[in-house]
Peer 1: 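Below are the structure tokens for one structure; questions will follow.
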2 protein chains.
Amino acid sequence: MKHTILIFSALSIGLLCLFRLSKYSYLSGSIAIEIILVVVAVVFFTLGLFLKKKEAIWENVRSPEVDKYKIQQLGLSKREYQVLLEVSKGLSNKEIADKLFVTESTIKTHVSNVLLKLDAKRRIQAVRIAKKLQIINT
Amino acid sequence: MKHTILIFSALSIGLLCLFRLSKYSYLSGSIAIEIILVVVAVVFFTLGLFLKKKEAIWENVRSPEVDKYKIQQLGLSKREYQVLLEVSKGLSNKEIADKLFVTESTIKTHVSNVLLKLDAKRRIQAVRIAKKLQIINT
DNA sequence: CCGTATTTGGTACTTTCGTATGAGTGCAAA
DNA sequence: TTTGCACTCATACGAAAGTACCAAATACGG
């Protein structure tokens, strides 16, 4: 929640600056008002995407033949399942970390948990089991 | 081929010993002739399986949807393909080594070659690629 | 028999994985 | 508001995996 507050604070300040800037530039004609609008639009669109993404993780699971029920039955969390998906693509922990914007340590933790919950010794086994359980594709 | 000769020599000797033993035990009644027969049967059956297995490696490839042509096109040798199959099951190098009766070094060599030929960075990627190329199942 | 490809194996080194443990934060339900 | 779960991150260690290079025995077709 702290993050959200910080982000909105920063956005409010930025918006105020833009307002002042827009007044000034509108008068002076140095910057077109349209550009200001575009900046605002882009920023808020990005923010919208960012906030939406949090809720959109499970949307991806609605691909054919994926047994969402089993995932929850196994106790796999969203993030763990997400990591499992990347693991199944053959990415290294470091690569997954970069892709998901977290550290390698975090990925290691997730992978370890996945191995535990899927009762696998190695990541490649986890992928095999996951496919058998039809919680991932291909 | 040396192996085969050695094995057949050993078997011949063993067989001779069994013949003598059978005569002796038949007369003395200490060992039933049936047991001798069972031993011979088991030994030769095992031998048969052993020899058959060597030729049967590529037989396994005749499973549905496996593109044998592509395997050769990629330059994968029998052994390398065999190792790839075990890798795809999630076995460790050590486990594969034990299963195929060779050392871990050998498996490492094979896996390295497979990674090269399949243009993969990690074994799990190799499995993915192999599946895409339809040279392995599941 | 010869040359090539395969198979096996070793050493030495680096990288990646996996485990164990602890800890701070966010979030939602009780 | 407390409590529990999910997520993040760190450190330290040991186990696997992978690379590079080499060497030797064997298989196999010509």
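Small disclaimer: the values here were computed from a predicted structure and weren't measured.
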Peer 1: Looking at every strand, decide which applies to S105(B) at a 4.0 Å heavy-atom threshold: base, sugar-phosphate, or nothing.
Peer 2: base
Peer 1: Tell me which of K117(A) and V102(A) sits closer to the 5' end of DNA chain D, going by the nucleotide each one is nearest to.
Peer 2: K117(A)
Peer 1: Atom CG of L115(A) to atom C1' of dA16(D): distance rounded to whole Å?
Peer 2: 13 Å
Peer 1: Taking any heavy-atom pair under 4.0 Å as a contact, classify T106(A): base, sugar-phosphate, or nothing.
Peer 2: base
Peer 1: Which part of the nucleic acid does S112(A) contact within heavy-atom distance under 4.0 Å: base, sugar-phosphate only, or nothing?
Peer 2: base
Peer 1: Any side-chain heavy atom of I124(B) sitting closer than 4.5 Å to one from R122(A)?
Peer 2: no
Peer 1: Could you tell me the separation between the NZ atom of K94(B) and the P atom of dG18(D), rounded to a whole number of Å?
Peer 2: 16 Å
Peer 1: Is the closest side-chain heavy-atom distance between S88(A) and R128(B) below 4.5 Å?
Peer 2: yes
Peer 1: Can you tell me the distance, in whole Å, between the CG atom of L76(B) and the P atom of dA5(C)?
Peer 2: 16 Å
Peer 1: For the pair made of CG in L100(B) and P in dT6(C), what is the distance, rounded to whole Å?
Peer 2: 18 Å
Peer 1: Are any of N93(A)'s side-chain N or O atoms less than 4.0 Å away from OP1 or OP2 of dC17(C)?
Peer 2: yes
Peer 1: Round to a whole Å and report the spacing from CZ of R123(B) to C1' of dC17(C).
Peer 2: 11 Å
Peer 1: Could you check whether atom NZ of K131(A) has more than 12 heavy atoms from other residues, nucleotides or ligands sitting under 6.0 Å from it?
Peer 2: yes
Peer 1: Round to a whole Å and report the spacing from CD1 of I124(A) to C1' of dC17(C).
Peer 2: 13 Å
Peer 1: Step by step, work out the salt bridge (Lys or Arg N to Asp or Glu O under 4.0 Å) result for E95(B) and K89(B).
Peer 2: CA-CA 11 Å; E95(B) 288 167 339; K89(B) 293 176 188 167; over 6 Å; no
Peer 1: Starting at CG of D98(B) and ending at P of dT8(C), how long is that distance when rounded to a whole Å?
Peer 2: 14 Å
Peer 1: Take the protein atom CD of E104(B) and the nucleotide atom C1' of dG9(C), then report the distance between them rounded to whole Å.
Peer 2: 12 Å
Peer 1: Which nucleotide in the list dT19(C), dT8(D), dG18(D) gets nearest to the side chain of K108(B)?
Peer 2: dG18(D)
Peer 1: If you check the T103(A) side chain, which of dC9(D), dC17(C), dT7(C) turns out closest?
Peer 2: dC9(D)
Peer 1: Choose from dG9(C), dG18(D), dG18(C) the nucleotide whose nearest atom is closest to any side-chain atom of R122(B).
Peer 2: dG18(D)
Peer 1: If the cut-off is 4.0 Å, is T109(B) near the phosphate of dT8(C), judged by side-chain N/O to OP1 or OP2?
Peer 2: no
Peer 1: Any side-chain N or O of R79(B) less than 4.0 Å from the OP1 or OP2 oxygen of dT6(C)?
Peer 2: no
Peer 1: Would you say V87(A) and V114(A) make side-chain contact, with heavy atoms under 4.5 Å?
Peer 2: no
Peer 1: Think H110(A) has a side-chain N or O under 4.0 angstrom from the OP1 or OP2 of dT8(D)?
Peer 2: yes
